[in-house]
Amino acid sequence: MLQTRFAIAAAALLAFALPASAQFAPPPAKPIAPKATTPSPRAASCHNGTSFDRFLADVKKQAVTAGVSQRTISEASPYLVYDQGIVNRDRGQRVFGQLFTEFAGRMAAPYRMQNGQQHIKSHAAAFARAEKEYGVPPAVIAAFWGLESDFGVNMGNLPTLKSLVSLAYDCRRSEMFVNETIAALKIIDRGDLTPDEMVGSWAGELGQTQFLPVHYVNYAVDYDGDGRRDLLRSEDDVIGSTANYIANGLKWRRGEPWLEEIKVPQNLPWDQTDLTVQQPRSKWSQLGVTYPDGRPLPNDNLASSVLLPMGRNGPAFMAYANFAAYTEWNNSLIYSTTAGYLATRIAGAAPMRKPAQPVAQLPFNELKQLQQLLVQAGFNVGKVDGVLGQQSRAAVKAMQIKYGLPADSWPTAELLARMRGGTAQAQPAGMVR
């Protein structure tokens with residue numbers, strides 16, 4: 001879940017759209033212990049050519065050193081097998097660029113808001129307890145619950161141990177997944193889940209709010225009093241554990257807001273519109289920022305940032321210190337903003353305003369070319385993949401400032417033309433593929 005949540009969660013994992021009537025799924029089917037597949041030679045390059053079997057023996061020794069019993073090692077061993085398909089899936093993951101309004105329109109749809117409100121009513125006691133103990137509002141918990149699994153309907157169907165140990169043997173994030181594999185064994189060892197119950201997403205996340213095993217070990221709580229921390233079947237455990245992780249893992253600030261829609265003036269200093277720039281609300285008010293209906297912002301010193309997920313012509317939000325919990329849960333700006341927005345909707349906020357005109361978005365190939373030009377200009381944009389991540393947005397802002405363009409971090413045809421040294425025109429958003 002997701003301090004280290006991968007980009008897949010923003011689109012691949014969350015691309016499903018379930019009907020409004022969807023409720024809880026039955027317990028996951030118990031998988032037959034999978035058979036090992038032949039490891040790819042390239043997978044062992046960071047292990048000095050060590051075979052998977054020898055690598056696995058070392059992981060088991062590390063688990064025993066970490067306190068895992070031999071009994072658990074024996075029970076889990078049939079599931080600790082290599083699957084090259086999991087590694088291929090990890091290497092091939094790709095998030096397609098989407099407009100925030102499109103993604104949020106699907107993922108924060110009215111049915112999911114209503115489902116969240118209904119779950120808060122159905123589990124009122126657990127939500128009230130979690131808010132009292134951890135200070136996390138029910139709507140915040142419910143939004144993550146809805147986005148991650150549609151309240152338990154879609155938790156994944158792949159054997160967790162196989163996924164974890166395969167990704168551990170691969171070299172891309174070996175150390176991380178060795179730790180996750182050992183954490184999964186600890187979950188078994190303390191009696192929360194059995195090896196055949198550990199079924200989830202291909203990246204090893206478990207339960208109705210998709211905890212990575214390390215987070216499961218550190219933050220799962222037994223909220224229903226049955227002696228187990230069961231995030232697959234116990235809604236009370238899901239609520240309490242998610243609140244615990246948000247409060248203590250993501251440092252939620254009790255009683256403070258997280259996100260609010262705002263209206264920005266056309267003469268706002270756009271270079272100040274960034275999550276790294278915080279101003280008192282009174283300062284933003286002086287600059288002409290209001291609520292969408294024109295009401296003034298509170299004249300106080302609460303620190304906040306102006307967030308423009310689609311630039312100055314798209315939706316605008318006031319992001320507060322608690323919004324950092326969302327970007328820590330998932331560092332995709334589209335996902336984190338959608339999650340924060342959905343929580344406001346579940347809490348009773350009105351739908352966000354639609355842009356007055358379609359917001360132009362560079363086609364995939366042009367965005368990728370812009371990233372290449374930014375790299376040539378000396379910026380680190382991460383992967384040159386045609387996806388507008390945080391590093392690309394920061395580089396875009398820097399170049400907008402250089403060229404005297406509105407520095408709202410949104411890549412435009414004009415910026416691309418300046419960097420090419422020519423002219424160009426963006427396609428309307430609807431033409432983006």
Side-chain angles (χ1 to χ4, degrees), residues 1-2 14 16-28 107-156 187 192-193 197 199-201 205-212 215-216 218-250 252 254-259 322 325-326 329-330 338-349:
M1 183 177 94
L2 288 265
L14 297 173
F16 61 86
L18 299 174
S21 59
Q23 296 296 323
F24 291 101
M107 302 309 296
Y111 87 86
R112 193 168 274 126
M113 173 196 73
Q114 295 159 3
N115 218 356
Q117 292 170 338
Q118 182 56 51
H119 278 76
I120 291 172
K121 291 180 182 177
S122 300
H123 304 283
F127 275 111
R129 178 184 170 191
E131 185 170 25
K132 181 179 179 181
E133 292 182 356
Y134 299 111
V136 182
V140 173
I141 301 168
F144 281 126
W145 194 1
L147 285 178
E148 294 294 344
S149 72
D150 256 323
F151 304 97
V153 171
N154 193 324
M155 292 183 283
I187 294 170
D192 292 337
L193 299 172
E197 289 175 328
V199 177
S201 74
E205 295 138 345
L206 281 164
Q208 297 187 27
T209 47
Q210 294 288 279
F211 274 31
L212 282 168
H215 293 138
Y216 200 122
N218 291 336
Y219 299 106
V221 294
D222 175 19
Y223 239 43
D224 62 9
D226 69 352
R228 302 173 66 192
R229 285 147 285 211
D230 185 352
L231 304 189
L232 278 70
R233 299 170 185 81
S234 170
E235 293 86 358
D236 284 2
D237 288 2
V238 169
I239 293 165
S241 301
T242 305
N244 185 27
Y245 175 64
I246 294 171
N248 295 310
L250 304 180
W252 187 266
R254 182 186 292 265
E256 294 189 15
W258 58 94
L259 194 73
N322 275 334
Y326 289 89
W329 182 293
N330 187 316
T338 297
Y341 167 65
L342 176 58
T344 68
R345 294 281 287 130
I346 293 173

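All values below were derived from every heavy atom in this structure, side-chain atoms included, with hydrogens, water molecules and symmetry-related copies excluded.
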>> Looking at Asp236 and Ala126, would you say the former's side chain and the latter's main chain have a donor-acceptor pair under 3.5 Å?
In response: no
>> Could you work out, with side-chain contact (heavy atoms from CB on, under 4.5 Å) as the rule, every residue matching Ala325, not counting sequence neighbours?
In response: Leu250, Trp252
>> Could you report the tightest heavy-atom contact between Gln208 and Trp145, atom names first, then the distance?
In response: OE1-NE1, 2.9 Å
> Checking Asn115 side chain against His119 main chain: does a donor-acceptor pair fall under 3.5 Å?
Replying inline: no
> Any sub-3.5 Å donor-acceptor pair from Glu205's side-chain atoms to Leu212's backbone N or O?
Replying inline: no
> What residues, two or more places apart in sequence or in another chain, satisfy salt bridge (Lys or Arg N to Asp or Glu O under 4.0 Å) together with Asp192?
Replying inline: Arg190, Arg229
> Going through the distances and angles, do Phe211 and Tyr219 end up as a ring pair (Phe, Tyr, Trp, His ring centres under 6.0 Å)?
Replying inline: CA-CA 9 Å; Phe211 274 31; Tyr219 299 106; 7.4 Å; no
> Under the 3.5 angstrom rule, does the side chain of Asp237 hit a backbone N or O of Asp224 as a donor-acceptor pair?
Replying inline: yes
> How far apart are the closest heavy atoms of Val221 and Ser241, and which atoms are they?
Replying inline: N-OG, 2.8 Å
> Can you name the side-chain contact (heavy atoms from CB on, under 4.5 Å) partners of Ala349, sequence neighbours left out?
Replying inline: Thr344
>> Arg345: which residues meet the side-chain contact (heavy atoms from CB on, under 4.5 Å) condition with it, sequence neighbours left out?
In response: Met113, Tyr341, Pro351
>> Can you pull out every salt bridge (Lys or Arg N to Asp or Glu O under 4.0 Å) where at least one residue sits in residues 131-143? Sequence neighbours excluded, please.
In response: Arg129-Glu133
>> Within this structure, what is the OH-CD distance for the pair Tyr223 and Glu235, rounded to the nearest 0.5 Å?
In response: 15.0 Å
> With sequence neighbours excluded, what pairs up with Ala343 under the side-chain contact (heavy atoms from CB on, under 4.5 Å) test?
Replying inline: Val140, Ala143, Trp258, Tyr326
>> Tell me if a side-chain donor or acceptor on Asn154 pairs with a main-chain N or O of Ser149 at a distance below 3.5 Å.
In response: no
